[in-house]
Amino acid sequence: MKLKKVTFNNADNSFFETLKNEVNEYFESKNKKQTGDFRLYLKTFTLIPACLIIYTALLTAQMPVALALTLCLILGFFLACIGFNVMHDACHGSYSESKRLNYAMGLTMNALGSNAFIWKQKHNIIHHTYTNVDGVDDDIAKSPVLRHCFSQPYKPMHKWQHIYMVPLYAVSSILWALLTDFEKYFKKEINGTKMNHFNLQEHIIFWVTKVLYVFFYIAFPIYMVGVGPFLIGYFVANAAMGLTMALVFQLAHVVETTTFVDAWELEGKMTIQDAWAIHQLRTTSNFSTNSKLVSWFVGGLNFQIEHHLFPKVSHVHYPAISKIVKRVAAEYGIKYNNIPTFTSAVASHFKMMKTFGSRENELIAA
Ligand SMILES: [Zn+2]
């Protein structure tokens, strides 16, 4: 894929070199693989069967409406958790040492309605390299509907974006599945960056899994329960899934502790002033790292600093290596962003979106 020409100022890379050595030493001394282990496989064999059981029950069993709605919410939440725990690790190649298994488990993204081939380019390459760089990072490219940083154009409607972003996040999983993937597929680009060529296998996987999505998420449920109940269930499950996924991914980068970066022209090249690893620490924040429950459900995405520095290390190892990252960052005088609880991180995201949507900050940006 052809990335936009933006380079990092990696002249002094000693922080990351030291950190990598220490993290490698940790894995060697513990004789552990950097990929997933039984903890990840246990999650896989809990979350996937749970979703299949709930899906089957919703379509075949007679039950009170309140129970059906609760199960739709749980189904949406568990589907998001498959995204965080199984798909995300697999698409980064950290689920297993086997490339084939990573590829196969990455297809859980297609089972959630999206497409692993597009996701790997949007997320692994564009978002992970150019985190919070306006004009490149697709995760903050929701303009003109949402304004995610000061350098994006201001519109009067942004005044309300911290409110209307909730229903937008709630329909985000429907939008990927039925709209934005097709846009990317036909335009062959992601936020202005040309995508890799789809080979025949990827074209077939794209179309076959989209047809399967329509069959299993729409046609078959309508056949089993009728249009009305299907529509309610589909929107409730997607609202839970979309809100959970969008929020968890946004809490890592669009909060009060992180920064947004523009590339500047230096010696004829568009350059970011920091080394890549320092840029990751400036633009990324952890949250709720002391909660084992949050860590289990969000697949270590509450340890986003560790994830951004070591995306090829499975999330099950992040709590252990976070101690090293924190210490080495302190030794180099680099700020380690951490928001103590999930609720305070959510509040911080809403506050930040309100700030980006306020007119007074448009003037600061100008
Ligand atoms: Zn990632």
Side-chain angles (χ1 to χ4, degrees), residues 7-34 39 84 88-89 92 94 127-133 137 139 149 248-263 271-296 298-349 351-352:
T7 50
F8 289 92
N9 186 4
N10 281 332
D12 179 7
N13 207 18
S14 55
F15 161 66
F16 195 42
E17 289 303 323
T18 310
L19 186 58
K20 266 195 301 191
N21 287 340
E22 292 221 16
V23 167
N24 286 338
E25 262 169 39
Y26 162 81
F27 282 106
E28 276 163 31
S29 68
K30 299 272 176 198
N31 201 18
K32 279 184 178 173
K33 287 189 287 191
Q34 301 196 4
R39 291 171 289 180
F84 302 144
H88 187 225
D89 269 32
H92 274 295
S94 65
H127 168 68
H128 268 266
T129 311
Y130 299 110
T131 317
N132 280 11
V133 179
D137 185 356
D139 283 21
C149 57
V248 167
F249 278 106
Q250 292 292 342
L251 294 188
H253 305 293
V254 188
V255 281
E256 291 157 293
T257 46
T258 58
T259 55
F260 291 81
V261 179
D262 276 331
T271 309
I272 288 168
Q273 60 174 7
D274 289 316
W276 173 81
I278 295 173
H279 172 84
Q280 296 304 327
L281 274 140
R282 289 185 61 201
T283 55
T284 307
S285 181
N286 285 359
F287 61 87
S288 192
T289 49
N290 290 331
S291 166
K292 285 205 162 74
L293 196 69
V294 170
S295 300
W296 196 91
V298 306
L301 286 175
N302 50 339
F303 287 92
Q304 280 273 5
I305 293 177
E306 288 66 29
H307 174 58
H308 268 257
L309 293 170
F310 299 101
K312 294 233 170 268
V313 171
S314 169
H315 75 264
V316 294
H317 305 295
Y318 292 161
I321 66 169
S322 70
K323 295 181 182 79
I324 305 170
V325 178
K326 216 182 216 170
R327 178 171 49 72
V328 177
E331 283 166 15
Y332 276 78
I334 305 165
K335 196 170 149 244
Y336 182 91
N337 299 320
N338 185 29
I339 299 179
T341 62
F342 179 74
T343 43
S344 51
V346 172
S348 185
H349 177 57
K351 233 173 167 178
M352 221 42 232

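What you see below is based on every heavy atom in this structure, not just the backbone, and it leaves out hydrogens, waters and symmetry mates. This is a predicted model, so every value here is computed, not measured.
- Residues Y318 and T289 have side chains that never bring a donor and an acceptor to within less than 3.5 angstrom of each other.
- Taking K351 as the reference, E256 meet the salt bridge (Lys or Arg N to Asp or Glu O under 4.0 Å) condition, with sequence neighbours excluded.
- Residues N132 and T259 come closest through the heavy atom pair ND2-O, 3.1 Å.
- Under the 3.5 Å distance criterion, the side-chain polar atoms of H308 are left unmatched by any main-chain donor or acceptor of T284.
- The two atoms that bring I339 and S344 nearest to each other are CG2-OG, 3.3 Å, heavy atoms only.
- Annotation for N24: atom CG counts as buried by contact number, over 12 foreign heavy atoms lying within 6.0 Å.
- Residues forming a ring-ring contact (aromatic ring centres under 6.0 Å, His included) with F27 (at least two apart in sequence, or on another chain): H317.
- Panel note: side chain Y26, backbone I324; no donor-acceptor pair is recorded below 3.5 Å.
- Ring orientation note: the planes of F310 and F16 are tilted relative to one another, at an angle of 30° to 60°.
- Looking at Q280, its side chain does come within 3.5 Å of a backbone N or O of H128 through a donor-acceptor pair.
- The side chain to side chain donor-acceptor pair (under 3.5 Å) search around D89 returns S314, H315, not counting sequence neighbours.
- Not counting sequence neighbours, the partners of R327 by the salt bridge (Lys or Arg N to Asp or Glu O under 4.0 Å) test are E22, E331.
- No side-chain heavy atom of N286 sits less than 4.5 Å from a side-chain heavy atom of N302.
- The side chain to side chain donor-acceptor pair (under 3.5 Å) with S285 is formed by just one residue from the set T258, N337, T257; it is T257.
- Side-chain atoms of N13 never come within 3.5 Å of backbone atoms of A275 as a donor-acceptor pair (strictly under, hydrogens ignored).
- No more than 12 heavy atoms of other residues, nucleotides or ligands lie within 6.0 Å of NZ in K326, so this atom counts as exposed by the packing criterion.
- In this view, K312 satisfies the salt bridge (Lys or Arg N to Asp or Glu O under 4.0 Å) rule with no residue, not counting sequence neighbours.
- Between the side chain of H279 and the backbone N or O of D274 there is no donor-acceptor pair closer than 3.5 Å.
- F249 is linked by a ring-ring contact (aromatic ring centres under 6.0 Å, His included) to F84, H88, W119, H123, counting only residues two or more places apart in sequence or in another chain.
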